[in-house]
Amino acid sequence: MGSHQWTLRKVTAAVVVVLCLVGGALITWTVKRQGLSVGEYAAQLPGVVLTFDEAAIPTISAGSWTELAKAQGFVIASERMWQMDLIRRKAGGHLAEWFGPKALDLDIRAQREGRDAIMKESGMLLPAEQRKFCDAYASGVNQFIEKFPGRWGIEYTVTGQKPEPWRCEDTLLVVLAMAEDLSASSMNEFVQAKWRKVLPPVWENFIYTMEHPWNRPFFNPRQRKHLIIPQGNDALPRQALRSEELASNETLNTEPYAIGSNSWAWHGPAGSYLVNDPHLGQSTPQLWYALRLKTKDNEWAAGVALPGLPGVILGMNPYLAWAFTNVGEDVDDLLEEELDPTGTKYAAGIGKSGKHWRDIETTTVYIPVKGAQAHELKVRKTHRGPLFELPANSGKFYTRQWLPLKAGRIGLPTLDLNRAQNWTDLNAAADCFTAPAQNMLIMDRMGNIGYRASGTGVVRAVSGLIPQAATIGEWKGLFPPAERPRLWIPAEKGQHPTSMATANQRMWVDPFGHGWYGEDRQERITSVLESRNTQSQEQMLELQLDVTSRFRRELMRWVTLNSVSSNETERALQQKWLQWDGSGQKDPVIFDQSIAAERLMYKVLLGRLREHYKPALAEGERYNWKLERAWLVALMSEKGSFKSFGVMDQDLGTAVLKHIAAHPEKIPYQERNEWNGQHPFVKNVPIFGWFFRVKSYPQFGYGDLVRAEKRDHGPSVRMIWNLGRPEESTWMFPVGQSGHIGSNHYSDLQNKWAEGAMMKIMPKNF
């Protein structure tokens, strides 16, 4: 090595050390100025009593709900201002102003939809009491911003930015951001359409099925239609299974499972419990802010709030508790528009006299970009929604017809929800929860169980699961929230327990279908709840942490019974697989092998479909569907059915067995599945990002388990509400309550979370 290279490396290393020392000193100095003392809170919130427990979770007491909203805004901003800012900026399309050109694509997608204007209009349409609640929260946030410059969060110091005043429409942007996470589906449908257009109907209906053998819809049940497996002339030609098929790059567009949330209610002789663990993107700081709100009239609500929203989203009050999981119905469509030769008009409809043409509404917006000129964006829209070209330079134009982009479809129901005293009150509150649609599961103090789908339904003429011509795909109307499905299960006395579980499964059957998730988690939860007449609070937690899979047990049994072993290693695997109960905790090695087996089978089956329909099915167009498990379960349930893919059961099973025996995983799945919900600075900010890091740890959960865990997606809170003894209710969080890296509560709950521990929700004398 040349001396000049050695010198350069030494200089570079020295510079890095100096930067780390300077950065560390700057951060240490700044950290000491973050967060507020109890005295500072008291001085800013006269008339409010504020206490914190050992996890820094506050109890806020004030004279009215409006005063509580203002105090809540102040308190949450003091701990999570940076997080709130990122959420509203991403939702509204204002990231490039802070982060430069690398964030511009995100801003373009948001700003072409005119989200700021829609949320402003939606804010004006809020009922008067909701608007007052929203404005009070904003005033509390702004009080913190104005009174404590430089104390907003160290992220502002690192980036040289400062927060703008908070508005009610910013609160609605936070709701919109959640709606984007939970109801955006049109781009996935665009990808799916590439396969659908190529496949004949029998194959399309099979691999894009809405039917799962385990599904038991709560509403509009019909006699189950067994999946029609392509046979005869529809089957793929038989051919010997080649080793390269198992080693191909063919995979699903996403992991071969759908991850989601869990909630269930159980009432029996041992007590009444409502359990919730919503699964969302993992992050530091964590998504939820835990708190308790209490008025002078002893009205109260305890639970979790989204930073940026007043009130409690998931929680309990003196009368009942409520939990959410995502409905997942399709309210996001792409409509292919027909433009005239000038590109300035579109076909708005078709009447007796022919097509009706309207002018495309066009405006220009300028997106500020840090370190560059403002980006000029031509925003175009039809009466159906924002208009854009997809893909770029293709000459094809689509409108996005997404429910939250309709003015007034984003509401703020938390005030009425927090004050609900009975089933009637709860339904009235849910009517204001227009988007995103949620499975709302409630339980009152007597053990009665209620289910309610919130949101607004869509009246269709055709399915929205594929892009449609705009003139036929345009919605015909909306189902009012008051007409959404609901169910009431009275508590039974004696030894007859009642229960209900939602885990993103299909809740009802309708003519056009939705992108429902799989049945794995709901099937496991229900089978455990129905397996015994008594349940304890400890058993509720055990079920939240459950890592047993019926699907994986049946998969490994199928491979064993349909494979021929040729050596002792393979025979030993077969024997273990036959005895396995499907638990990842009991035998993580076999669980790992089940992951490999499933992926190998998808590689072979989907690879053969692609090969058969080439060149129409291009290499880069990956299969993507939330219910891929349904048709694989159906194939395993009917002997000889894999011949529809041109392969015999025994050949496929034997190939999978031999491949797994010859290619053992070197890194256990729980380590590959390591928790990684780090602060965004960790990846994106050199040197300084290191200071924001929290530890990672192996996860024995997986996406198809009740304990649904991925590296960056999983349970965002665990809650067990004890309706008979509220003081015994428990919760736990993945990181910590504070958003400030210098706080003792930035990541203090991580060890407890990883261990599956819980802590009491209600403080003494609450």
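Atom set for the values below is all heavy atoms of this structure, side chains included, hydrogens, waters and symmetry mates excluded.
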Angle class for the W266/Y273 ring planes (parallel below 30°, perpendicular above 60°, tilted otherwise)? parallel

Residue among S185, S463, S183, S186 satisfying side chain to side chain donor-acceptor pair (under 3.5 Å) with D330: S185

Taking atom CZ of R552 and atom CD of E598, what is their separation to the nearest 0.5 Å? 5.0 Å

Compare all side-chain heavy atoms of L555 with those of M636 and state whether any distance is below 4.5 angstrom. yes

For I472, I'd like to know if atom CD1 has over 12 heavy atoms of other residues, nucleotides or ligands within 6.0 Å. yes

Is the shortest heavy-atom distance from the side chain of T526 to the side chain of E519 under 4.5 Å? no

Going by the rule ring pair (Phe, Tyr, Trp, His ring centres under 6.0 Å), which residues pair with F591 if we only count those two or more places apart in sequence or in a different chain? Y669, Y702

Could you check whether the rings of F206 and W203 sit parallel, tilted or perpendicular, using 30° and 60° as the cut-offs? perpendicular

Residue set satisfying side chain to side chain donor-acceptor pair (under 3.5 Å) with D431, at least two apart, ordered chain then number -> R452

Return the CG to OG distance between L605 and S644, rounded to the nearest 0.5 Å. 8.0 Å

Please find the pair of heavy atoms, one from T434 and one from G408, that lie closest to each other, and give the distance. OG1-O, 4.2 Å

Check Y451, F479, W516 against W508 for a ring-ring contact (aromatic ring centres under 6.0 Å, His included) and give me the one that passes. W516

Residue pair M210 / L465, side-chain heavy-atom distance below 4.5 Å: yes

Return yes if some donor-acceptor pair links the side-chain N/O of D277 with the main-chain N/O of P715 below 3.5 Å, else return no. no

Ring pair (Phe, Tyr, Trp, His ring centres under 6.0 Å) with W402: which residues, sequence neighbours excluded? none

Rounded distance [0.5 Å steps], OG in S536 versus CG in N722: 10.5 Å

Partners of E474 by salt bridge (charged side-chain N to carboxylate O under 4.0 Å, His left out), sequence neighbours excluded? R384

Does the side chain of E336 come within less than 4.5 Å of P467's, by heavy atoms? no

Please indicate whether R486 has more than 12 foreign heavy atoms, meaning atoms of other residues, nucleotides or ligands, lying under 6.0 Å from its CZ. yes

Can you tell me how far OH of Y208 sits from CD of Q192, rounded to the nearest 0.5 angstrom? 5.5 Å

Taking only residues two or more places apart in sequence or in another chain, which ones pass side chain to side chain contact (heavy atoms under 4.5 Å, CB included) with L545? L541, R707, R718

Flag if over 12 foreign heavy atoms under 6.0 Å of CZ, R725: no

Got a sec, which residues hit side chain to side chain contact (heavy atoms under 4.5 Å, CB included) with I489, two or more places apart in sequence or on another chain? I449, L487, T498, M500

When rounded to the nearest 0.5 angstrom, what distance separates CG in L199 from CD1 in I207? 5.0 Å

With a 4.5 Å cut-off on side-chain heavy atoms, are L606 and E628 touching? no

Can you name the residues that form a side chain to side chain contact (heavy atoms under 4.5 Å, CB included) with I466, not counting sequence neighbours? R196, Q468

Determine whether I87 and L173 satisfy the following criterion, side chain to side chain contact (heavy atoms under 4.5 Å, CB included), listing intermediate values before the conclusion. CA-CA 8 Å; I87 294 172; L173 278 171; over 6 Å; no

Residues forming a side chain to side chain donor-acceptor pair (under 3.5 Å) with E180, sequence neighbours excluded: R115

Would you give me the side-chain donor-acceptor pairs under 3.5 Å for residues 303-327, sequence neighbours excluded?
unit_1: N317; atom_1: OD1; unit_2: Y319; atom_2: N; d: 2.8
unit_1: N317; atom_1: OD1; unit_2: L320; atom_2: N; d: 3.0
unit_1: N317; atom_1: ND2; unit_2: N418; atom_2: O; d: 3.0
unit_1: N317; atom_1: ND2; unit_2: A420; atom_2: O; d: 2.7
unit_1: W322; atom_1: NE1; unit_2: I313; atom_2: O; d: 2.7
unit_1: T325; atom_1: OG1; unit_2: N439; atom_2: ND2; d: 3.1
unit_1: T325; atom_1: OG1; unit_2: T502; atom_2: OG1; d: 2.8
unit_1: N326; atom_1: OD1; unit_2: Q438; atom_2: NE2; d: 2.9
unit_1: N326; atom_1: ND2; unit_2: L182; atom_2: O; d: 2.7

Is the shortest heavy-atom distance from the side chain of L478 to the side chain of R409 under 4.5 Å? yes

Scan side-chain atoms only and decide if S716 and W288 contain a donor-acceptor pair under the 3.5 Å cut-off. yes

Any donor-acceptor N or O pair under 3.5 Å, side chains W721, N276: no

Identify, with sequence neighbours excluded, every residue that meets salt bridge (charged side-chain N to carboxylate O under 4.0 Å, His left out) alongside R419. E129, D416

With sequence neighbours excluded, tell me which residues meet ring pair (Phe, Tyr, Trp, His ring centres under 6.0 Å) with W675. Y697

For S583, which residues count as a side chain to side chain contact (heavy atoms under 4.5 Å, CB included) partner, sequence neighbours excluded? V547, T548, D581, Q585, K586

Would you say that H267 contacts E492 through its side chain, given a criterion of any heavy-atom pair below 4.5 Å between the two side chains? no

Verify the ring-centre separation between Y623 and W625: is it less than 6.0 angstrom? no

To the nearest 0.5 Å, what is the distance between CE on M719 and CD on Q544? 9.0 Å

Within a reach of under 6.0 Å around NZ of K406, are more than 12 heavy atoms found that belong to other residues, nucleotides or ligands? yes

Close side-chain approach of R445 and P726, heavy atoms under 4.5 Å: yes

